[in-house]
Amino acid sequence: MANAKKQSLLNGALILSAAIVLVKILSVLFKLYVANKIGYGGTGLYATAYNIYTPIYSIALAGLPTAVSKMVASELAQGHYKDVKRLFGVSNMLFAFMGLIGTALMLLLAYPFAYSVGSLDAMPSIIAIAPSIFFCCVMSGYRGYYQGHSNMNPSAVSQIFEAAGKLIFGWLFLNIVAGSTLSFADNIPFMKNIVTDVSSAYASAAAIAGVSVGSLMGVIYLIIRSRVVRDNVTRSLLNSSPEAKSRKALARRLISIAIPIALSSLVFNVTTLIDNWTIQNRLKAVLESGYDTVANMYPGIVSARGFTRETAIDFKTYLFGAYDMVLEIKNVVPTFTITLGLSAIPILSENWTKKNIPAVRRSIETVIRLCMLIAFPAGIGMIALSDDLLYLLFGSSAVNAPAIPYIAPILMFYGFSVFFLALTQPLTAALQAIDRMDVPIKAMAIGATVKIVANFVLVSIPSVNIQGAVFGSILCNVVMVVYALYILSKETKLKYNYNSLFVKPFLCAVISGAAAWLVNSIFEKALPANGLTFISSRLSADNIACLAGVFAAVIFYVIALFALRAITKEEISMLPKGKKIAKALEKYGFIG
């Protein structure tokens, strides 16, 4: 497209990543605030609502954003500008329709799901977050269109609006409810006969209602932007374009592209729903049949929280809430790497349409290498500092701290698997871009089966319980990634450079992890036992040591990257002002 300003794969990913860094920081801070305000019991209700929300939200959106992005990129590559403009309206109508269906589906499934996992107190939270599905569907129509133009700015800014709304209004609603007498709860039809722990149930619902308001704010921003800021399809380009296809033809093609992508998303998200259901259901069953065995594994929690056989359901909710907070930390990594997949879709689709296979190979290798450069240090950091990270985040809460020694091993084990988790979505996006939408479906179906079977077997063992949930996830991700890498290699004739893609990033991460562990240990021994509590209660010896370890890890990782030549001149050149940076680094011998 003449004169169109496009963003490179890495530049586009960096824009989204920068937004996601801010969004994730806000999200984690808010989740920490909620956890410390209402405890793991309330957090368990919050997580239960998210467990039904996320799959339905993803199913409602399944395939459409990716299909829009892929189709827009393909039409732009062929000069079909009128099709691109008409596609925008068609996709928005489809997204709004899917959003209404998704919201209705969540409301219909709310009671059966909450009842089946023994968390009826999660009902207010599920209802509070349901409208977000509609708003997010509308918002994703705009995002898919702009991403097809290789313009990640609107998506990035809308995510910031979304996160800010979630944080501000979630905080506001939570504090209003927490400071009220909750007498209104006795007058809510249907709910007053279901909710038992009114305080936790409505505090969780108030916090999660911020998600719905935040998604509405994101929609409003994108609608206003689309009317104020024009895209790259100018009037002269429209005049030179062939006549547009009919709306019906565009809708049919969009749906034909979306269906296989939707099926893979459907398999993945239904699996996630079943995964969360099996964990909670099996945990509930194992506490009923083997309460003493489970209680003896967590004496610190039982003693601090006063759980008994009669309050086993509350114990289940607490354990699941603690496990969900580990997932929150583990899921930070794929939120960064998924942006690489989103940025790659329009670039890969355009080059695949033009039969530029060498460019396709280069893009795939770039995505994999950048994923590994992010995932390896993050995973090894989780392994080296699992206890310390959890105490830094949750140790100040008397409600949450008792669980930390017991969930730290879960975080450590997830550290071993995060390398595979980080590649799952980017590889799925790459396969979809080269028209192999069937592969993620097959890979996810196999991985899902492994995951669910592992949950049923392991979580049902009283002496394993919630600790067993991690193993199914690891096996699932390994299956999906290995299969995806094989098919990508077969389709594009790509021969992976294992040294560049995996070995060098891994060695750099090991050096980084060793530095983190060593510096953390030195600071723990050198600092006074109480830390710097005269400045702040959060500046304990352990917290200071953890922060010092993280800082050392970053410094040594950057040094190792250049020492082992694990990052290339081409990758640095794709950064903003990257050519100047690369030239300076080359001058001083840091890169070849």
Using only atom types and a distance under 3.5 Å, with no angle test, would you say the side chain of [X] pairs donor to acceptor with the backbone of [Y]?
X: Thr424; Y: Phe420; answer: yes
X: Ser417; Y: Tyr414; answer: yes
X: Asn175; Y: Trp171; answer: yes
X: Gln467; Y: Ile407; answer: no
X: Asn465; Y: Pro462; answer: yes
X: Tyr557; Y: Ala552; answer: no
X: Asp324; Y: Phe320; answer: no
X: Asn520; Y: Ala516; answer: no
X: Thr311; Y: Phe307; answer: no
X: Ser289; Y: Ala285; answer: yes

Inset, instruction - For Phe523, look at atom CZ and say whether over 12 heavy atoms of other residues, nucleotides or ligands are found less than 6.0 Å away. - result: no

Inset, instruction - Determine whether more than 12 heavy atoms belonging to other residues, nucleotides or ligands lie under 6.0 Å from atom OH of Tyr483. - result: yes

Which heavy-atom pair separates [X] from [Y] by the least distance, and what is that distance?
X: Ala128; Y: Ile208; answer: CB-CG2, 3.8 Å
X: Gly99; Y: Cys137; answer: CA-SG, 3.4 Å
X: Gly513; Y: Ile380; answer: CA-CG2, 3.7 Å

[X]-[Y] side chain donor-acceptor pair, cut-off 3.5 Å:
X: Ser215; Y: Ser132; value: yes
X: Asn296; Y: Tyr291; value: no
X: Ser204; Y: Ser125; value: yes

Legend entry - Pairing of Arg305 and Asp314 as salt bridge, 4.0 angstrom limit: no

Legend entry - Aromatic plane relationship, Phe416 with Phe413 - under 30° parallel, 30 to 60° tilted, over 60° perpendicular: tilted

Inset, instruction - Classify the ring geometry between Phe376 and Phe506 as parallel (under 30°), tilted (30 to 60°) or perpendicular (over 60°). - result: perpendicular

Legend entry - Worked check of side chain to side chain donor-acceptor pair (under 3.5 Å) between Ser119 and Lys316: CA-CA 10 Å; Ser119 290; Lys316 182 273 298 182; 2.9 Å; yes

Inset, instruction - Report yes if the side chains of Asp121 and Thr48 come closer than 4.5 Å at any heavy-atom pair, otherwise no. - result: no

Legend entry - Spatial distance of atom CD1 (Ile452) from atom CZ (Phe456) [nearest 0.5 Å]: 8.5 Å

Inset, instruction - Verify the ring-centre separation between Phe419 and Phe502: is it less than 6.0 angstrom? - result: no

